[in-house]
2 protein chains.
Amino acid sequence: MHEQLKLGNQLCFRLYTASRLITQAYRPLLEPLGLTYPQYLVMMVLWEQDNQIVGDICRRLMLDTNTLTPILQRMEREGLVVRTHGITDGRQTLVSLTKKGKHLEEQAKDIPKCMSQNWHGEDMNMAQLTNMVEAIDKLIKELK
Amino acid sequence: MHEQLKLGNQLCFRLYTASRLITQAYRPLLEPLGLTYPQYLVMMVLWEQDNQIVGDICRRLMLDTNTLTPILQRMEREGLVVRTHGITDGRQTLVSLTKKGKHLEEQAKDIPKCMSQNWHGEDMNMAQLTNMVEAIDKLIKELK
DNA sequence: TAACATTATATCGTACACGATATAATCTAT
DNA sequence: ATAGATTATATCGTGTACGATATAATGTTA
C-alpha cells in the first residue's frame with residue numbers, strides 16, 4: 001500500500017467534502033428564496049454592486065463564463081436579473097437586478113447568521129475559524 | 001448593505017472555491033490515468049481495501065448512491081472495476097478492482113506528492129496545514 | 001482600411017451532485 | 001407463512017463545473 005494515497009491523509013478530500021456539506025446546509029435556507037448556492041453567490045455580488053458585466057462577476061467568483069452564463073440565464077428566467085447588451089462595448093453583457101432580485105436581499109439577510117451557527121459548536125472557536133480562513137486564502141492564492 | 005452578506009466574509013465561498021481549484025489542479029495529473037477526481041477517490045478507497053459494497057464506499061466518501069452509482073457504472077465501462085451482485089444479501093452490489101484497476105495504483109503513487117507541492121509555497125507552513133485539516137474535520141463533523 | 005489577432009460571451013458535451021422516487025431483496029411481527 | 005416495514009441500490013430530473021469550441025464585436029497593424 002502506498003501510504004500517501006490513504007484517504008485520511010488527504011487535505012483535498014476534506015475540502016471537497018466540506019464544500020459539499022456546506023452547500024447542503026445552505027439548501028434549506030435558500031430554497032424558500034428560490035435560490036441555489038451558486039445563484040446566491042451571484043446575488044451577493046450584485047447586492048454589493050448592481051449592474052456588473054458578466055466578466056466581472058466571473059472574476060469575482062473565480063468561475064468561467066461556461067459555468068456562469070447558464071446560471072445567469074436561469075436567474076433571468078426566474079426574474080431575478082436582466083441581461084442587456086453593453087452600449088460602449090457590444091460584446092459585453094450587463095447583468096442588473098430586477099425589483100424582485102433587489103427585494104430578495106431583505107429575505108436573505110439572516111442566512112449568514114443561521115449558517116455560522118453550524119460551526120460555532122463547543123469544539124470550534126473563533127481563532128481556529130480565523131486561522132482556517134487565512135489558510136484557505138493562501139491555498140487559493142497558490143492554486144490560482 | 002447587510003455587512004454579513006459580503007462575499008469576503010464568507011468561509012463557505014472560500015471552501016467552495018478551494019475545492020473547485022483543487023479539483024482543477026488534479027485534472028492534469030489524473031487525465032493520463034483516465035480518471036476524474038471523484039473516480040480517483042473511489043480508486044483510493046478500493047486500493048486500500050478491495051471488494052467493497054456500494055454502501056461502504058458511499059459511507060467512506062460521504063456520498064449517496066445517486067451520485068456514486070453512475071460513477072461506478074462509468075468506471076465499470078472503462079474496465080477499472082466490476083460490479084457483482086451480493087451472494088449473502090441479494091440487494092448489495094460488490095465492487096471489485098480489475099487487473100487494470102489494480103495496476104493503476106502504481107501509476108498514481110506520485111500524485112499526492114505532486115499535489116502537495118501546490119501548497120508548500122513559502123507562506124504556507126506545516127503547522128498551518130495541520131491546523132486547517134483539524135479545523136475542517138471539526139466542521140465536517142458539525143455539518144454531518 | 002482590410003486582414004488578423006484579441007476579447008467577451010455563449011454553446012456543447014461529459015461528468016458530477018443531489019432531492020425525489022422506484023425497485024427489489026430482506027427483515028419482522030404477527 | 002405473509003403483509004408491511006426496512007434496507008440496498010438504481011433511476012430520473014435539474015443544476016452546476018469545466019474543457020473545447022463557436023461567434024461576434026473590438027483592437028491593431030501593415
Side-chain angles (χ1 to χ4, degrees), chain A residues 13 15-32 34-43 52-59 61-78 80-81 83-95 143, chain B residues 13 15-28 30-31 34-42 52-78 80-81 83-95 143:
Chain A
F13 172 63
L15 284 169
Y16 162 80
T17 302
S19 173
R20 284 195 310 102
L21 294 181
I22 280 208
T23 304
Q24 284 177 42
Y26 264 110
R27 197 179 306 272
L29 303 176
L30 291 176
E31 199 169 41
L35 291 175
T36 65
Y37 181 64
Q39 288 169 10
Y40 172 64
L41 292 178
V42 172
M43 291 306 280
Q52 296 196 52
I53 62 170
V54 172
D56 284 341
I57 304 175
C58 281
R59 274 179 288 279
L61 299 180
M62 288 182 262
L63 289 168
D64 204 349
T65 60
N66 52 5
T67 297
L68 201 53
T69 295
I71 293 177
L72 292 172
Q73 286 169 343
R74 277 185 284 269
M75 291 173 74
E76 185 167 40
R77 227 181 298 143
E78 296 296 322
L80 298 170
V81 299
R83 298 184 310 145
T84 51
H85 279 291
I87 308 160
T88 47
D89 188 334
R91 294 166 301 180
Q92 297 179 338
T93 299
L94 190 70
V95 184
L143 290 169
Chain B
F13 173 63
L15 285 168
Y16 161 80
T17 302
S19 174
R20 284 195 309 102
L21 294 181
I22 280 206
T23 304
Q24 283 177 41
Y26 264 111
R27 199 178 305 271
L30 291 176
E31 199 169 41
L35 291 174
T36 65
Y37 181 65
Q39 288 170 10
Y40 172 65
L41 293 178
V42 173
Q52 296 196 50
I53 62 170
V54 171
D56 284 342
I57 305 174
C58 281
R59 274 178 288 279
R60 192 72 199 284
L61 299 179
M62 287 184 263
L63 288 169
D64 204 349
T65 59
N66 54 5
T67 298
L68 200 53
T69 295
I71 293 176
L72 291 171
Q73 287 168 343
R74 277 183 287 267
M75 291 173 75
E76 186 167 40
R77 226 181 299 145
E78 296 296 321
L80 298 171
V81 299
R83 299 184 311 147
T84 51
H85 279 292
I87 309 161
T88 48
D89 189 333
R91 293 166 301 180
Q92 297 179 338
T93 299
L94 190 70
V95 184
L143 290 169

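So you know, we letter chains A, B, ... as the sequences are listed, proteins then strands, and number each from 1.
- When each of C:dT9, D:dC18, C:dA15 is scored by its nearest atom to the side-chain atoms of B:Thr36, the top-ranked nucleotide is C:dA15.
- Here D:dT14 presents its C1' atom at 16 Å from CE of A:Met75, a figure rounded to the nearest Å.
- Below the 3.5 angstrom threshold, one finds a donor paired with an acceptor across the side chain of A:Asn66 and the base of D:dG19.
- Atom C1' of nucleotide D:dC18 and atom CG of A:Leu68 are separated by 13 Å, given to the nearest angstrom.
- A sub-4.0 Å separation between OP1 or OP2 of C:dA17 and a side-chain N or O of A:Tyr16 is present.
- Applying the 4.0 Å criterion to OP1 and OP2 of D:dA10, one finds that B:Thr69 has a side-chain N or O inside that range.
- Across B:Leu41 and A:Tyr16, no two heavy atoms sit closer than the pair CD1-CE2, 3.5 Å.
- B:Ile53 comes within 4.0 angstrom of sugar-phosphate atoms only, judged by non-hydrogen atoms across all strands, and of no base.
- Side-chain proximity of B:Asp89 to C:dA10, C:dA25, D:dA10: nearest is C:dA25.
- Rounded to whole Å, the distance from CD1 on B:Ile71 to P on C:dT14 is 17 Å.
- Put simply, CZ on A:Arg83 is 8 Å from P on C:dT11, counting in whole angstrom units.
- Residues B:Leu63 and B:Arg77 both approach DNA chain C. Their nearest nucleotides, taken by heavy-atom distance, put B:Arg77 toward the 5′ side.
- When distances run from any side-chain atom of B:Pro38 to the nucleotides C:dC16, D:dA17, D:dT16, the shortest one goes to C:dC16.
- At the phosphate of D:dA10, OP1 or OP2 sits under 4.0 Å from a side-chain N or O atom of B:Thr93.
- Proximity of B:Gln24 to the phosphate of D:dC18: a side-chain N or O atom is located under 4.0 Å from OP1 or OP2.
- Nearest nucleotide to the side chain of A:Thr65, out of C:dT9, D:dG19, C:dC18: C:dT9.
- Phosphate proximity of C:dA15 to B:Gln73: absent, as no side-chain N or O sits under 4.0 Å from OP1 or OP2.
- When rounded to the nearest whole Å, the span between CZ of A:Arg74 and P of D:dG13 equals 17 Å.
- When rounded to the nearest whole Å, the span between CZ of A:Arg91 and C1' of D:dT26 equals 4 Å.
- At C:dC16, one or more side-chain N or O atoms of B:Gln39 fall inside 4.0 Å of OP1 or OP2 (strictly under the cut-off).
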